[in-house]
Participant: 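First the structure, which I've put down as structure tokens, then a few questions once you've had a look.
All figures in this text were calculated on a predicted structure; none of them were measured in a lab. Note on naming: letters A, B, ... go to the chains in the order of the sequence lines (proteins, then strands), and numbering restarts at 1 for each one.
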Protein chains: 2
Amino acid sequence: MAFRALQAYNNVDINIESAFGLSFSKCCLTKRSVGWKGGYVVEKKKNIPSLVKDPKLIEKRREQIIEAAVDLFINKGFHKTTTREIARASGFSIGTLYEYIESKEDVLYLVCDAIHGEVESRLREAITFNGTGLKNLKLALRSFFRVMDQMSDRVLLIYQESKSLPKETLRYVLRREEEITQIFEEILRKGIADGSIGIDEKHVKLMADNIMVLGEMWVFRRWALKRHYTLEEYTDKQTALLLREISVSE
Amino acid sequence: MAFRALQAYNNVDINIESAFGLSFSKCCLTKRSVGWKGGYVVEKKKNIPSLVKDPKLIEKRREQIIEAAVDLFINKGFHKTTTREIARASGFSIGTLYEYIESKEDVLYLVCDAIHGEVESRLREAITFNGTGLKNLKLALRSFFRVMDQMSDRVLLIYQESKSLPKETLRYVLRREEEITQIFEEILRKGIADGSIGIDEKHVKLMADNIMVLGEMWVFRRWALKRHYTLEEYTDKQTALLLREISVSE
DNA sequence: CCAAACTGAACGAGCGGTCGCTCATTTTTC
DNA sequence: GAAAAATGAGCGACCGCTCGTTCAGTTTGG
């Protein structure tokens, strides 16, 4: 999936394991804390302070902001979109906008996180864990490619603009994609356990990565691929390719 | 290869064939004209007017500009780099900078074009047209992945920033990548002709596209792939994958 | 041979404008 | 009527780009 700032990745990621352990050392245990890594609590979401007290209102207004900003960012890009435009498109004034965010980058984070959330939930709701791991995988791939196809402009947005996030904030966005990759890891492991998928455990992560790449590919080479394939054909062909690598006889 | 603005592609490319025919209708025949398409002359390079008269000096100064801007754009991104910074890093004043370009976007175009040029020339000089097409292909793949690896930050730069180019200028950049794809088309066709590659002519373009995608993949998923593969291993594995699709027994 | 005239590359203060963000004030809510 | 929420004029920084000026080097004219 296209969920990252490439440049930032290349600068940062060699140490990403340790970076996670260290960078979250300031976190404290709250109800939003969800996991452990290297002994530190890892927050799943970045907390954006707001001057407004009512949590329900904050959520509502931020949804307005996200909806407005997604369109603007897709059409104009992050840098060329002004905060005034975001405020106007959200239906309130510039002053009000800054009651719910602290910086323009916060809006970008909200947008990235919302898109990630949509991809993940759409993917999860399309997956059953009945049947063999292999069957699950085939279904998941079909859903995944369909979601990528339907959301390609938003996926593209994250891909192109997330590099503008502050380094620290970027990590939250990156983690979010790892979570999606893990869905495929789960399915693969299930297939290994029930014998329907014949790869070594140590190749699971790579396989999951490969799947994500094929999804990305449909998004950002769509202009080229659509000259030759429908989504259906692409799905079939890439599924076949992946299953061949998995060394099972269909 | 990563040479495009994704969003722009999705907006523009469906009509790219006709767009070329139409958009260049104003072109006239000059010594820089190099090709024909739909009866109109297609310029290969965008002409950037300069206030300076000496062509040699223009070339020299623009090389300085490119060298300075590549570094800045890679480290800060196009939008966050100021024209003053470009001028300072180039070794002259802001006023002088504008003697050699007309807009900040011109600098981005110069940079993209120079990077493309480097990729293409490096690739071409590593290719021989001796032996079978199949042998050529294997060598070309090895060189291509190596070039992608060595130039990944610059390739990434084009990928992330070319969307900021004016639509018209973007087309020049897009054309440049098509030319690189055509190198692989040539090789594939040679292999078909001499019988060493067994695919249908109508799949040549798609195959060439696939090769480009695999090169891209190494660039912008390097952070993930490097956890599992060296460049060597990646090259071997992807070459094998491609050859399998080509349906030849090695 | 030299001085006067000309050339054009380099310069950088400054212009017009935009942008992200603030805060004194008003409006709404309960 | 007090607290919460919304407002938008305004601030100050900065940005892309311009243009009047400088000056080393070249050409011209006597």
Participant: Suppose we screen for side-chain hydrogen bond (donor to acceptor under 3.5 Å, both in side chains). Which residues come up paired with Tyr109(A), at least two apart in sequence or across chains?
Facilitator: none
Participant: Once salt bridge (charged side-chain N to carboxylate O under 4.0 Å, His left out) is applied, do any residues pair with Glu102(B), and if so which ones, sequence neighbours excluded?
Facilitator: none
Participant: Counting N and O atoms only, with roles assigned by atom type, does the side chain of Gln64(B) sit under 3.5 Å from a partner on the main chain of Ser90(B), one being a donor and the other an acceptor?
Facilitator: yes
Participant: Tell me the interatomic distance from Asp54(B), atom CG, to dA9(C), atom P, rounded to whole angstroms.
Facilitator: 7 Å
Participant: Inspect the contact between Glu99(B) and Arg61(B) and indicate whether a charged nitrogen and a carboxylate oxygen are less than 4.0 angstrom apart.
Facilitator: no
Participant: Can you check the Leu97(A) CG to dT22(C) C1' distance for me, whole Å?
Facilitator: 13 Å
Participant: Using a cut-off of 4.0 Å between protein heavy atoms and nucleotide atoms, how would you tag nucleotides 14-20 of chain D 5' to 3' with B, S and -?
Facilitator: -BBBB--
Participant: Are OP1 or OP2 of dA10(C) and a side-chain N or O of Thr96(B) less than 4.0 angstrom apart?
Facilitator: no
Participant: Would you mind reading off the distance between Leu51(A) atom CG and dC21(C) atom C1', rounded to a whole angstrom?
Facilitator: 12 Å
Participant: Quickly work out the Phe92(A) CZ to dA4(D) C1' distance and round it to whole Å.
Facilitator: 16 Å
Participant: Which residues pass the salt bridge (charged side-chain N to carboxylate O under 4.0 Å, His left out) test with Glu118(B), not counting sequence neighbours?
Facilitator: Arg122(B), Arg154(B)
Participant: Any sub-3.5 Å donor-acceptor pair from Lys46(B)'s side-chain atoms to Asp106(B)'s backbone N or O?
Facilitator: no
Participant: Could you state the CG-P distance from Leu72(A) to dC19(C), rounded to the nearest angstrom?
Facilitator: 13 Å
Participant: Rounded to the nearest angstrom, tell me the gap between atom CD1 in Ile65(A) and atom C1' in dA6(D).
Facilitator: 13 Å
Participant: CG of Leu57(A) versus C1' of dA5(D): gap in Å, rounded?
Facilitator: 8 Å
Participant: Output one line per pair: protein atom, nucleotide atom from nucleotides 27-30 of chain C, and distance, for all N/O pairs under 3.5 Å.
Facilitator:
none

Participant: Nearest whole angstrom, please: distance from the C1' of dC21(C) to the OH of Tyr100(A).
Facilitator: 17 Å
Participant: Determine yes or no for a side-chain-to-main-chain donor-acceptor pair under 3.5 angstrom, with Ser152(B) supplying the side chain and Val219(B) the backbone.
Facilitator: no
Participant: Under 4.0 Å, heavy atoms only, any strand: does Arg61(A) hit a base, just the sugar-phosphate, or nothing?
Facilitator: sugar-phosphate
Participant: Among Lys104(B), His79(B), Glu105(B), find the residue that satisfies the side-chain hydrogen bond (donor to acceptor under 3.5 Å, both in side chains) test when tested with Ser164(B).
Facilitator: His79(B)
Participant: My understanding is that only residues two or more places apart in sequence, or in another chain, count here; which of them pass salt bridge (charged side-chain N to carboxylate O under 4.0 Å, His left out) with Glu120(A)?
Facilitator: Arg124(A), Arg176(A)
